[in-house]
Amino acid sequence: MPLDWDKLRVFHAVAEAGSFTHAGETLNLSQSAVSRQIQALEEALAVPLFHRHARGLILTEQGEGLNRTVREVFAKLAMTEALLTESRERPAGRLKITTTTGFGATWLAPRLRKFLGTHPDITVTLLLDDSDLDLAMREADVAIRMHPPRQPDLIQRHVATFGWKVCASADYLKQAGTPQRAEDLDGHRLIVYGDYRPPIEQMNWLSEAGRRPGTPRRSVTEINSLPGMLLAARSGLGITALPDYMNADTEDLVPVLTELKSPRIEAYFVYPEEMRHSKRVAVFRDFLVSELSAMQNG
């Protein structure tokens, strides 16, 4: 007996939400209607798809297998629908972009007005996440990553190389003095990125500058957000290192240790093979490359 698409859609919503109630809210159906659809699907397949507990629903082994397949099918359908509805004359439709919180909030978000002004038929969803969203599962259409792509089968283009700016507020330096060499940082308060999965490799390099490898100096504050680190430095809390794509936001801070050697940040624009012929992706890629080139050559 062929599977009913409506029941599969309800099943997928329940599997992702973990409850009939939350799935019903997503689908605009009553809890009892959702429950009946799941019961009918289980009867048609002659297997249980969920373990029912007081705290919610847990997929059975058979349910896990079905949900993996359904998730892939719906992801492919969503991608196909987006490509089919894209205008032949000019790019149109929604473009889901993911990138790191720091780059997205400080560099990309202020430039979206210019991009959308040029392409008024495109709408943008910007997903800021310091972990890598799964493009193959359509968690986003395209990504700007601060490292080479780790997912296989993604089209990638190197779009920029960034450096770092070590800086602090004038008030902090007036109080604590200005470091003249890396070793002087031992006597200063450092603000570093405080997460075990930083979005940029060697993110906390300043902690080890001028010290033996493996012996980082203690920081005064750890914040898992580059905008947060910027605001903390601006408040006079201490010295920090920020990527130079944030230079427009650090103009009120005083650069220090400008000759200090720092690692490079390699930025990549990536997207799945299925999006190769998408006009939305093409025009956004060209816009990104143009803006980054203008910034780095300006």
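- Nearest approach of R234 to L253, heavy atoms of both residues: CA-CD2, 3.7 Å.
- Between Y245 and F162, the ring planes lie perpendicular to each other; the angle is over 60°, past the 30° to 60° tilted range.
- Take S290 and apply the side chain to side chain donor-acceptor pair (under 3.5 Å) test, not counting sequence neighbours, and it matches no residue.
- The six-membered or imidazole ring of H12 lies near that of F74, with a centre-to-centre distance under 6.0 Å.
- Here the shortest heavy-atom pairing between G163 and I265 reads O-CD1, 4.1 Å.
- A donor-acceptor pair shorter than 3.5 Å cannot be found between the side chains of T125 and K96.
- The side chain to side chain donor-acceptor pair (under 3.5 Å) check on H119 picks up nothing, with sequence neighbours excluded.
- Counting heavy atoms from C-beta on, the side chains of L127 and I97 never come closer than 4.5 Å.
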Quick one: do E16 and R71 satisfy salt bridge (charged side-chain N to carboxylate O under 4.0 Å, His left out)? Show the steps, please.
-> CA-CA 9 Å; E16 297 299 310; R71 186 189 289 132; 3.0 Å; yes
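- T60 places a side-chain N or O within donor-acceptor distance of the main-chain N or O of P48, the cut-off being under 3.5 Å.
- Scanning all heavy atoms of the two residues, the minimum distance from A105 to P227 falls at CB-CG, 4.2 Å.
- The side-chain tip of R111 points at the ring of W107 from less than 6.0 angstrom away and within 45° of straight on.
- Note that CG of D184 is 10.0 Å distant from OG1 of T178, once rounded to the nearest 0.5 Å.
- Side-chain atoms of L257 and I239, non-hydrogen and from C-beta on, never get closer than 4.5 Å to each other.
- We find the CG-NZ distance between D249 and K165 to be 10.0 Å, quoted to the nearest 0.5 Å.
- The minimum heavy-atom distance linking A17 with A23 is given by the pair CB-N, 3.8 Å.
- Here the closest non-hydrogen pair linking A209 and L260 is CB-CD2, 4.1 Å.
- Between the side chain of N204 and the backbone N or O of Y193 there is at least one donor-acceptor pair closer than 3.5 Å.
- Within the structure, every pair that satisfies the side chain to side chain donor-acceptor pair (under 3.5 Å) test and touches residues 208-220, not counting sequence neighbours, is listed here: D186-R211, D186-R217.
- Under the 4.5 Å side-chain heavy-atom criterion for Ile, Leu, Val, Met, Phe, Trp and Tyr, Y268 and L154 are members of the same hydrophobic cluster.
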Verdict with supporting geometry, L29 and V10, side-chain contact (heavy atoms from CB on, under 4.5 Å) = CA-CA 9 Å; L29 293 172; V10 172; 4.2 Å; yes
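- Using modelled atom types, one finds a donor on one side chain and an acceptor on the other under 3.5 Å when comparing S30 with S32.
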Decide side-chain contact (heavy atoms from CB on, under 4.5 Å) for L95 and T123; before the verdict, give the C-alpha distance in whole Å, the side-chain angles of both, and the deciding distance to 0.1 Å.
-> CA-CA 6 Å; L95 182 65; T123 58; over 6 Å; no
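- Using modelled atom types, one side-chain atom of D134 and one backbone atom of M137 make a donor-acceptor pair closer than 3.5 Å.
- In this structure, the side chains of P243 and I200 come closer than 4.5 Å at one or more pairs of heavy atoms.
- A salt bridge is absent between D171 and K174; no separation between the charged side-chain nitrogens and carboxylate oxygens falls under 4.0 Å.
- By the criterion of side-chain heavy atoms lying less than 4.5 angstrom apart, applied directly or through intervening Ile, Leu, Val, Met, Phe, Trp or Tyr residues, L45 is grouped together with V73 in one hydrophobic cluster.
- Ion pairing of R52 with E42 is present here, as a side-chain N (NZ or NE/NH1/NH2) and a carboxylate O approach within less than 4.0 Å.
- One finds the OG1 atom of T221 at 9.5 Å from the CG atom of L190 (value rounded to the nearest 0.5 Å).
- The environment of D252 atom CG is dense: over 12 non-hydrogen atoms of other residues, nucleotides or ligands sit within 6.0 angstrom.
- A donor-acceptor pair under 3.5 Å is absent between the side-chain atoms of R145 and the main chain of V270, judged by distance alone.
- Y271 and F284 have their aromatic ring centers separated by at least 6.0 angstrom.
- Rounding to the nearest 0.5 Å gives a distance of 11.0 Å between CZ of F50 and CD1 of I58.
- The shortest side-chain heavy-atom distance between L237 and Y172 does not fall under the 4.5 Å cut-off.
- Summarising the geometry of L59 relative to H51, their closest heavy-atom pair is O-CD2, 4.0 Å, with the distance given to 0.1 Å.
- Looking at heavy atoms from C-beta onward, I144 lies in side-chain contact with L288 at the 4.5 angstrom threshold.
- For E222 (side chain) and G194 (main-chain N/O), no donor-acceptor pair under 3.5 Å exists by modelled atom type.
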Would you check, one step at a time, whether the test side-chain contact (heavy atoms from CB on, under 4.5 Å) holds for T240 with L206?
-> CA-CA 8 Å; T240 194; L206 194 63; 5.7 Å; no
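- One hydrophobic cluster, built from ILVMFWY side chains closer than 4.5 Å, cannot hold both M246 and L231; they sit in different ones.
- Atom CD in Q31 sits 11.0 Å away from atom CZ in R36 (nearest 0.5 Å).
- Side chains of L116 and V124 form a contact here, defined as non-hydrogen atoms less than 4.5 Å apart.
- Within a 6.0 Å sphere centred on CG of D286, heavy atoms belonging to other residues, nucleotides or ligands number more than 12.
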Give the intermediate values and the outcome of side-chain contact (heavy atoms from CB on, under 4.5 Å) for residues D141 and L135.
-> CA-CA 6 Å; D141 296 320; L135 300 188; over 6 Å; no
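- Contact check for V14 versus L57: side-chain heavy atoms found under the 4.5 Å cut-off.
- Side chains of L226 and T106 form no contact here, defined as non-hydrogen atoms less than 4.5 Å apart.
- In this structure, a donor-acceptor pair under 3.5 Å is present between the side chains of E266 and H158.
- In terms of hydrophobic clustering, with Ile, Leu, Val, Met, Phe, Trp and Tyr side chains grouped at heavy-atom distances under 4.5 Å, L112 and V289 are assigned to a common cluster.
- Within the 3.5 Å criterion, the main-chain N or O of P263 finds no donor-acceptor partner in the side chain of W205.
- Using a 4.5 Å cut-off between side-chain heavy atoms of Ile, Leu, Val, Met, Phe, Trp and Tyr, with links allowed through other members, M275 and V159 fall into the same hydrophobic cluster.
- One finds the CG atom of L185 at 9.0 Å from the OG atom of S207 (value rounded to the nearest 0.5 Å).
- For H22, the NE2 atom counts as loosely surrounded, since its 6.0 Å shell holds 12 or fewer non-hydrogen atoms of other residues, nucleotides or ligands.
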